[in-house]
A.B. asks: 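I have a structure here, written as structure tokens, and I will follow up with some questions on it.
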Amino acid sequence: MNQDYIIPNEWSIIEEGFNADKVKSSESLFSIGNGAMGQRANFEENYSGETFQGSYIGGVYYPDKTRVGWWKNGYPEYFAKVLNAPNWIGINVQINDENLDLHTCKEVSKFKRELNMKEGWLSRSFEAVLQNGIKIKVDTKRFLSLELDEIGAIKYKVTPLNSDAKITFTPYLDAGITNEDTNWDDQFWDVLEVSQKNQQSYIQARTMKTHFYTCTFMESRLFINDAEVVTDCSNEQTSNFTACNYQREIKENQTFTIHKFGGYVVDRDYDKNELVAASKKALDKAVSLGFDALLEMQKQSWAQIWHMSDITISGDVKAQQGIRFNIFQLNQTYLGTDASLNIGPKGFTGEKYGGSTYWDTEAYCIPFYMATKDQAVARTLLEYRYNHLDKAIENAAKLGFKNGAALYPMVTMNGEECHNEWEITFEEIHRNGAIAFAIFNYERFTNDETYIPEKGLEVLIAIARFWHQRATFSSDKNKFMILGVTGPNEYENNINNNFYTNYIAKWCINYALENIEKVKINHISDYIRIQEKTTFSDDELSKWKSVADGMYFPFSEKHNVYLQQDGFLDKELITVANLDKSQRPINQKWSWDRILRSPYIKQADTLQGFYMFENDFSTEELERHFDFYEPFTVHESSLSPCVHSIQAAKLDRMEQAYTFYLRTSRLDLDDYNHEVEEGLHITSMAGTWMSIVEGFGGMRVQNNTLSFSPKIPKEWKSYSFKVNFRHQIIKVNVHQNSTDFELEGTTNVEILVNGEKVMISPDKLVTV
């Protein structure tokens with residue numbers, strides 16, 4: 001834990017007291033989004049202190065040219081940058097002609113910021129004394145509408161407390177923005193037109209190179225003591241900026257309020273020549289509804305989300321706050337309404353990593369969306385990869401692979417690889433396995449047997465071809481090897497025979513072969529179509545099978561464990577417990593050379609295989625491997641604590657499972673990795689949900705039946721969650737000595753609880 005200033009609260013993220021050192025951290029933690037756009041929690045008024053300005057539009061990116069020391073064949077030509085979009089939230093505020101700026105005020109008191117997760121809004125309030133001696137009270141509230149996802153709304157209130165004052169509101173749009181994260185400091189935006197009409201303002205701009213056309217827009221309404229007033233505005237305009245100045249004399253203790261409506265439209269949804277018209281339509285609807293009606297719609301939208309996705313925890317406020325924060329941010333980032341979008345590692349909270357899709361989506365996020373929404377959302381995420389299959393085949397071809405072999409990108413916006421670290425781009429190929437596993441996981445959970453014959457089998461064949469070609473036969477060991485890789489533990493590069501990579505390669509080939517046979521038997525027309533398209537032959541399939549059957553797995557007879565890779569035991573095996581705390585985190589304290597020579601593990605690696613393929617291993621084997629590898633794990637990846645929490649719970653090590661759960665659920669709130677100001681770890685937040693549902697709840701699908709093995713930390717009185725299993729909603733409420741099951745559905749469902757069959761019926765409580 002590196003910070004502890006967020007006040008524990010079951011439904012809100014709350015900060016009290018203004019601290020300039022916490023501004024960038026809070027800008028991340030209090031971020032808001034609606035699946036189509038999002039923004040960091042920047043102040044509306046001018047702030048001259050250290051800040052990280054960020055507003056983002058889903059799917060809009062820039063291909064920043066790769067920056068490397070020297071070029072290698074196969075390098076991606078660009079690194080996709082999540083773009084800081086034109087700023088629409090800005091409202092400059094002047095009191096008697098002096099700018100309101102919390103960095104320069106004489107005094108700031110009663111500062112409070114709240115992110116209300118239950119209702120989906122961000123508020124801020126404070127009192128301030130300006131240099132001119134005027135004391136004011138400020139209250140703000142803003143949200144990004146889920147119902148009208150092109151619209152955001154702000155209510156900004158100023159009350160002079162010690163004298164009358166002339167107050168000027170200057171709402172503006174600013175396209176003269178830059179990215180925090182850029183390789184070459186390129187200009188990312190080309191402003192096409194700035195215009196104003198009837199107090200509506202527009203900036204039309206397009207991205208350089210990718211030519212995404214956007215229109216940023218705003219309109220405002222003014223109020224004194226909640227009564228709307230007509231106030232003339234004077235306009236400002238430059239080549240990339242537009243503003244309206246509203247000025248009124250306000251008496252002491254009167255409140256001057258501006259309602260600002262703004263947002264973006266993009267040419268994904270409209271003709272590029274109709275963006276102003278689309279903006280006007282969005283503004284007209286928002287303004288006619290008004291701030292309060294839009295806010296009421298927001299509350300209702302979030303109530304529907306929480307009805308299905310909420311997890312309740314009784315007796316542990318910090319744990320409750322943590323899980324709701326994670327669920328809230330996941331829903332702010334992705335709602336499944338746009339098939340062209342995916343779940344970026346920072347969502348709408350920062351720019352680090354670039355890209356909109358990592359293997360995190362398939363390995364961590366799909367289970368969350370699959371169980372908390374309609375299964376169509378998870379299928380949409382699978383189809384996103386199917387739609388990029390041709391690009392994945394092109395990516396593999398650039399590296400010398402043939403015959404339709406596919407290598408899905410480590411990082412992508414449009415299917416092309418756009419990650420420029422060689423040890424990741426070329427070597428972290430286990431990502432291919434996550435794509436295939438997600439197809440298996442989806443069919444296992446939903447029982448949707450249409451996806452594989454319609455789309456999934458083509459992906460599985462292309463991935464199997466990659467693994468077949470990537471494997472190398474060793475005549476010395478008479479086994480197939482996979483050489484020169486980086487496993488999930490990114491603290492080891494260019495190693496040979498990573499257990500997890502080899503295991504998932506073998507599994508992918510066998511899973512593809514199994515489904516070729518199933519489709520041949522059950523969907524002959526699809527089989528013929530796919531066979532003609534991919535031209536696989538029996539001889540090719542036989543060669544795949546030889547690779548799978550002959551795959552090598554390094555094993556230590558001494559420790560009776562699979563080795564993470566060849567040579568792991570050659571390292572100086574000093575556990576994390578014996579590592580000086582002053583050296584942590586090692587990724588910020590050590591040279592890369594030193595990290596690579598160390599035994600330290602960034603995140604679950606061998607144990608990732610034991611998590612994903614747990615039915616292939618006994619509990620005793622899991623325990624042996626957990627005891628061997630976890631002591632060397634520094635958990636410096638956001639994806640690490642959740643997997644370890646699930647496995648600790650399975651081993652009945654509830655104290656350890658609880659500790660890992662707190663770390664994953666409060667990773668950003670408590671800034672465990674000392675980097676929260678760069679943005680939140682969105683994709684790993686799905687792992688927090690998994691820690692409770694799969695870890696403590698023990699949810700699995702066993703033999704086509706939903707199964708639970710509930711456990712509960714001693715710190716909790718109870719916890720509950722819901723899962724949408726094959727269109728039947730099952731609520732699980734776990735107490736210290738019993739578990740309740742309820743069914744929101746139409747037909748009885750048989751489940752397993754601790755291995756025993758239990759029948760649950762609609763609207764009837766069953767206690768086990």
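Heavy-atom basis, side chains included; hydrogens, waters and symmetry copies ignored.
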A.B. asks: Quiz question: by atom type and distance under 3.5 Å, do the side chains of H681 and D668 form a donor-acceptor pair?
C.D. replies: yes
A.B. asks: Quick one: list whatever passes ring-ring contact (aromatic ring centres under 6.0 Å, His included) with F610, sequence neighbours left out.
C.D. replies: F617, H625
A.B. asks: Once you measure the plane-to-plane angle for W507 and F437, does it fall in the parallel (<30°), tilted (30-60°) or perpendicular (>60°) bin?
C.D. replies: tilted
A.B. asks: Any luck finding a side-chain donor-acceptor pair between R40 and T349 under 3.5 Å?
C.D. replies: no
A.B. asks: Less than 4.0 angstrom from a charged side-chain N to a carboxylate O is my criterion; do E50 and K24 meet it?
C.D. replies: yes
A.B. asks: Please work out whether the ring planes of Y503 and F553 are parallel, tilted or perpendicular, with thresholds of 30° and 60°.
C.D. replies: tilted
A.B. asks: Could you check whether T412 and Y358, counting side-chain N and O atoms only, form a donor-acceptor pair closer than 3.5 Å?
C.D. replies: no
A.B. asks: Are a donor atom and an acceptor atom from the side chains of Q583 and D580 found within less than 3.5 Å of each other?
C.D. replies: no
A.B. asks: Do side-chain atoms of D360 reach the backbone of T683 as a donor and acceptor pair under 3.5 angstrom?
C.D. replies: no
A.B. asks: Kindly compute the distance separating OG1 (T606) from CD (E630), expressed to the nearest 0.5 Å.
C.D. replies: 13.0 Å
A.B. asks: To the nearest 0.5 Å, what is the distance between CD (Q608) and OG (S640)?
C.D. replies: 9.0 Å
A.B. asks: Measure the CZ-CD1 distance between R324 and I313 for me, rounded to the nearest 0.5 Å.
C.D. replies: 8.5 Å
A.B. asks: Check the angle between the aromatic planes of F721 and F708 and answer parallel, tilted or perpendicular using the 30° and 60° thresholds.
C.D. replies: tilted
A.B. asks: Among side-chain atoms of E636 and Y491, is any donor-acceptor pair under 3.5 angstrom?
C.D. replies: yes
A.B. asks: Is there a donor-acceptor contact under 3.5 Å linking the side chains of Q564 and Y500?
C.D. replies: no
A.B. asks: If we count only N and O atoms by modelled type, under 3.5 Å, do the side chains of S25 and Q3 hold a donor and an acceptor together?
C.D. replies: yes
A.B. asks: Do the side-chain N and O atoms of E15 and S26 include a donor-acceptor pair separated by under 3.5 angstrom?
C.D. replies: yes
A.B. asks: Do Q647 and R653 pair up side chain to side chain, a donor and an acceptor below 3.5 Å, judged on atom types alone?
C.D. replies: no
A.B. asks: Under a 3.5 Å threshold, yes or no: a donor from one side chain and an acceptor from the other, between N502 and N497?
C.D. replies: yes
A.B. asks: Once you round to the nearest 0.5 Å, how far does CG of L651 lie from CG of D627?
C.D. replies: 7.5 Å
A.B. asks: Any luck finding a side-chain donor-acceptor pair between T357 and Y384 under 3.5 Å?
C.D. replies: yes
A.B. asks: With E416, which residues qualify under salt bridge (Lys or Arg N to Asp or Glu O under 4.0 Å), at least two apart?
C.D. replies: none
A.B. asks: Could E417 and K391 be called an ion pair, given the rule that one side-chain N must be under 4.0 Å from one carboxylate O?
C.D. replies: no
A.B. asks: Are side-chain N/O atoms of Q603 and E490 paired as donor and acceptor at under 3.5 Å?
C.D. replies: no
A.B. asks: Show, in sequence, the C-alpha distance, side-chain angles and deciding distance for Y61 and K81, and conclude whether the side chain to side chain contact (heavy atoms under 4.5 Å, CB included) test is met.
C.D. replies: CA-CA 5 Å; Y61 68 96; K81 296 300 182 185; over 6 Å; no
A.B. asks: Please determine if K571 and E492 form a salt bridge, counting it only when a charged side-chain N lies under 4.0 Å from a carboxylate O.
C.D. replies: yes
A.B. asks: Is K479 close enough and on-axis enough to F473, meaning under 6.0 Å and within 45°, for cation-pi?
C.D. replies: no
A.B. asks: Could you give me the CA-CA distance, side-chain angles and deciding distance for I595 and W592, then say whether side chain to side chain contact (heavy atoms under 4.5 Å, CB included) is met?
C.D. replies: CA-CA 5 Å; I595 289 173; W592 200 244; 3.7 Å; yes
A.B. asks: Would R666 pass as a cation-pi partner of Y672, given that its NZ or CZ must be under 6.0 Å from the six-membered ring centre and within 45 degrees of the axis?
C.D. replies: no
A.B. asks: Do we get R470 above W467's six-membered ring, with its NZ or CZ under 6.0 Å from the centre and within 45° of the axis?
C.D. replies: no
A.B. asks: For D316 and Y658, which I'm curious about, is there any donor-acceptor pair between the side chains at under 3.5 Å?
C.D. replies: yes
